[in-house]
Amino acid sequence: MSPMPVGDTERRIEQLAAADGLRFERNVVPAITQRGHLDLRDVAPETVSLLRGIYLDLGGNEDELAAKRPTPLRGDFLHVATRTVVEIDELQHFTTARRRTLVAYPPQLSLGFDLNEYLQLCDEWSSRADRQYAHRPAVGFGPGGRQRQRAYNDALRDIALPALGYAPVVRIATPDRDGETAYARVRAELLSRTTTRTPLHPEEQNDER
């Protein structure tokens with residue numbers, strides 16, 4: 001099957017999930033903002049420290065990060081009933097910078113994807129991904145920093161969302177933009193993860209009373 005155009009992969013996976021009875025909303029979590037770890041509240045200091053270390057290791061500038069607006073980051077999908085964020089990872093998510101974040105994850109971190117598989121995909125695709133996206137700048141990372149910004153934002157979701165009471169982030173890898181094959185590969189795991197309700201974060205329990 002030939003690769004789908006950019007954007008079509010995400011839409012196709014959403015269609016396939018809908019056929020399985022999974023309804024996704026657009027993923028906007030208020031606590032996950034453009035200011036990254038600087039805006040995290042009510043999580044363990046170790047979580048913030050881990051993300052700060054990843055940010056600095058990628059060459060991030062915290063003064064520039066602090067100057068950003070606290071606008072929530074837009075992601076791909078959220079399965080509201082189980083508080084499961086689902087991210088569709090095309091080629092740009094398999095850079096050398098992304099690999100650097102993945103190897104920094106502690107063994108006890110709960111993940112909704114196979115870490116070793118992602119490391120292997122970075123090894124397989126990073127040379128192409130690095131070349132394709134090397135020229136784009138990003139505030140906080142400077143010229144050519146878009147790859148590192150994206151890698152940090154991916155790590156931000158992986159690490160912060162479980163600490164905020166969400167389920168581990170489910171990542172659907174599709175560096176070749178073959179949405180049908182990618183969804184088929186994770187379908188059983190995705191259906192399993194979206195059939196059990198994830199408890200609310202304590203603060204949100206209080207809000208619902």
Side-chain angles (χ1 to χ4, degrees), residues 1-13 27 32-38 49-68 71 73-77 85-107 109 111-161 168-183 185-186:
M1 181 177 294
S2 60
M4 297 179 178
V6 174
D8 284 1
T9 306
E10 181 181 313
R11 285 187 288 272
R12 183 57 180 148
I13 289 174
N27 167 27
I32 305 297
T33 79
Q34 294 187 70
R35 286 166 40 89
H37 59 277
L38 299 181
S49 178
L50 174 60
L51 284 164
R52 181 173 188 266
I54 288 172
Y55 183 80
L56 295 177
D57 180 64
L58 290 170
N61 183 315
E62 281 195 309
D63 290 335
E64 293 184 7
L65 185 66
K68 286 186 171 185
T71 306
L73 291 176
R74 289 188 174 274
D76 292 330
F77 303 124
V85 167
V86 179
E87 293 290 320
I88 313 303
D89 289 343
E90 296 182 343
L91 176 63
Q92 63 269 27
H93 293 271
F94 297 96
T95 59
T96 300
R98 179 56 169 144
R99 194 184 200 286
R100 285 174 66 179
T101 69
L102 292 168
V103 298
Y105 288 5
L109 181 64
L111 298 174
F113 59 95
D114 188 308
L115 179 61
N116 287 329
E117 177 189 0
Y118 260 62
L119 289 170
Q120 291 169 7
L121 287 169
C122 286
D123 290 340
E124 180 180 353
W125 292 93
S126 61
S127 60
R128 178 176 169 185
D130 289 351
R131 290 194 306 271
Q132 188 166 344
Y133 298 97
H135 62 288
R136 299 182 182 179
V139 175
F141 291 98
R146 183 67 183 97
Q147 293 177 7
R148 287 173 287 137
Q149 180 189 61
R150 181 179 288 108
Y152 170 74
N153 286 341
D154 282 351
L156 176 65
R157 293 185 178 94
D158 289 343
I159 295 168
L161 283 170
V169 176
V170 172
R171 294 192 171 276
I172 301 179
T174 176
D176 55 0
R177 301 206 307 272
D178 181 351
E180 302 239 359
T181 300
Y183 184 77
R185 187 170 59 248
V186 303

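No experiment lies behind these values; they were computed from the predicted model shown. Residue numbers count from 1 along this sequence.
When every heavy atom of Leu51 is checked against every heavy atom of Tyr152, the shortest pair comes out as O-CE1, 3.7 Å. The minimum heavy-atom distance between Leu50 and Ala104, with the atom names listed, is CD1-O, 3.7 Å. Here the shortest heavy-atom pairing between Ile13 and Gly179 reads CG1-O, 3.8 Å. Of all heavy-atom pairs spanning Ile159 and Tyr105, the tightest one is CD1-CE1, 3.8 Å. Taking both residues in full, the closest heavy atoms of Asp89 and Phe94 are given as O-CE1, 3.3 Å, listed atom of the first, atom of the second, then distance. Scanning all heavy atoms of the two residues, the minimum distance from Tyr55 to Asn61 falls at OH-O, 3.0 Å.
In this structure, OG in Ser126 is found 13.0 Å from CD in Gln132, a value given to the nearest 0.5 Å. Expressed to the nearest 0.5 Å, how far CG of Asn153 lies from CZ of Arg148 amounts to 13.0 Å. Residue Glu62 holds its CD atom at 10.5 Å from CZ of Arg35, rounded to the nearest 0.5 Å. To the nearest 0.5 Å, atoms OG1 (Thr9) and CD1 (Ile172) are separated by 11.0 Å. Rounded to the nearest 0.5 Å, atoms OH (Tyr118) and OG1 (Thr101) are 11.0 Å apart. Once rounded to the nearest 0.5 Å, the distance linking CD of Gln147 with CG of Asp130 reads 5.0 Å.
Two residues are said to be in side-chain contact when any heavy atoms from C-beta on lie closer than 4.5 Å; Asp123 and Arg99 meet this criterion. Contact annotation: the side chain of Val103 approaches that of Leu119 to within less than 4.5 Å [non-hydrogen atoms, C-beta and beyond]. Using a 4.5 Å cut-off on side-chain heavy atoms (C-beta onward), Glu10 and Glu90 make no contact. Between Leu109 and Leu115, the closest side-chain pair of non-hydrogen atoms is not below 4.5 Å. Residues Glu87 and Val170 form no side-chain contact, since every pair of their non-hydrogen atoms from C-beta on lies 4.5 Å or further apart. By the 4.5 Å heavy-atom criterion applied to side chains, Tyr183 and Thr174 are not counted as neighbours. Taking the side chain as every heavy atom from C-beta outward, Phe141 and Glu64 never approach each other to under 4.5 Å.
Looking at Arg150, its side chain never comes within 3.5 Å of a backbone N or O of Thr95 through a donor-acceptor pair. A distance-only check finds no donor-acceptor pair linking the side chain of Arg100 to the backbone of Thr96 [under 3.5 Å]. In terms of modelled atom types and a separation under 3.5 Å, the side chain of Arg157 and the main chain of Val169 share no donor-acceptor contact.
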Assess whether side chain to side chain contact (heavy atoms under 4.5 Å, CB included) is satisfied between Glu117 and Arg171, documenting all intermediate values. CA-CA 11 Å; Glu117 177 189 0; Arg171 294 192 171 276; over 6 Å; no
Original post:
Given Gln120 and Glu124, is the side chain to side chain contact (heavy atoms under 4.5 Å, CB included) satisfied, shown in steps?
Top reply: CA-CA 6 Å; Gln120 291 169 7; Glu124 180 180 353; over 6 Å; no
Fill in: Verdict with reasoning, Arg74 to Asn27, per side chain to side chain contact (heavy atoms under 4.5 Å, CB included)
CA-CA 6 Å; Arg74 289 188 174 274; Asn27 167 27; over 6 Å; no
Do Leu91 and Arg177 pass the side chain to side chain contact (heavy atoms under 4.5 Å, CB included) test, and can you show the C-alpha distance, the side-chain angles, and the key distance before you say yes or no? CA-CA 8 Å; Leu91 176 63; Arg177 301 206 307 272; over 6 Å; no
Show, in sequence, the C-alpha distance, side-chain angles and deciding distance for Asp158 and Arg98, and conclude whether the salt bridge (Lys or Arg N to Asp or Glu O under 4.0 Å) test is met. CA-CA 12 Å; Asp158 289 343; Arg98 179 56 169 144; 2.8 Å; yes
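The environment of CZ in Arg185 is crowded: more than 12 heavy-atom neighbours from other residues, nucleotides or ligands sit within 6.0 Å.
Residues passing the salt bridge (Lys or Arg N to Asp or Glu O under 4.0 Å) test with Arg146, sequence neighbours excluded: none. Under the side-chain contact (heavy atoms from CB on, under 4.5 Å) criterion, Ser49 pairs with no residue, sequence neighbours left out. With sequence neighbours left out, the ring pair (Phe, Tyr, Trp, His ring centres under 6.0 Å) criterion links His93 to no other residue.
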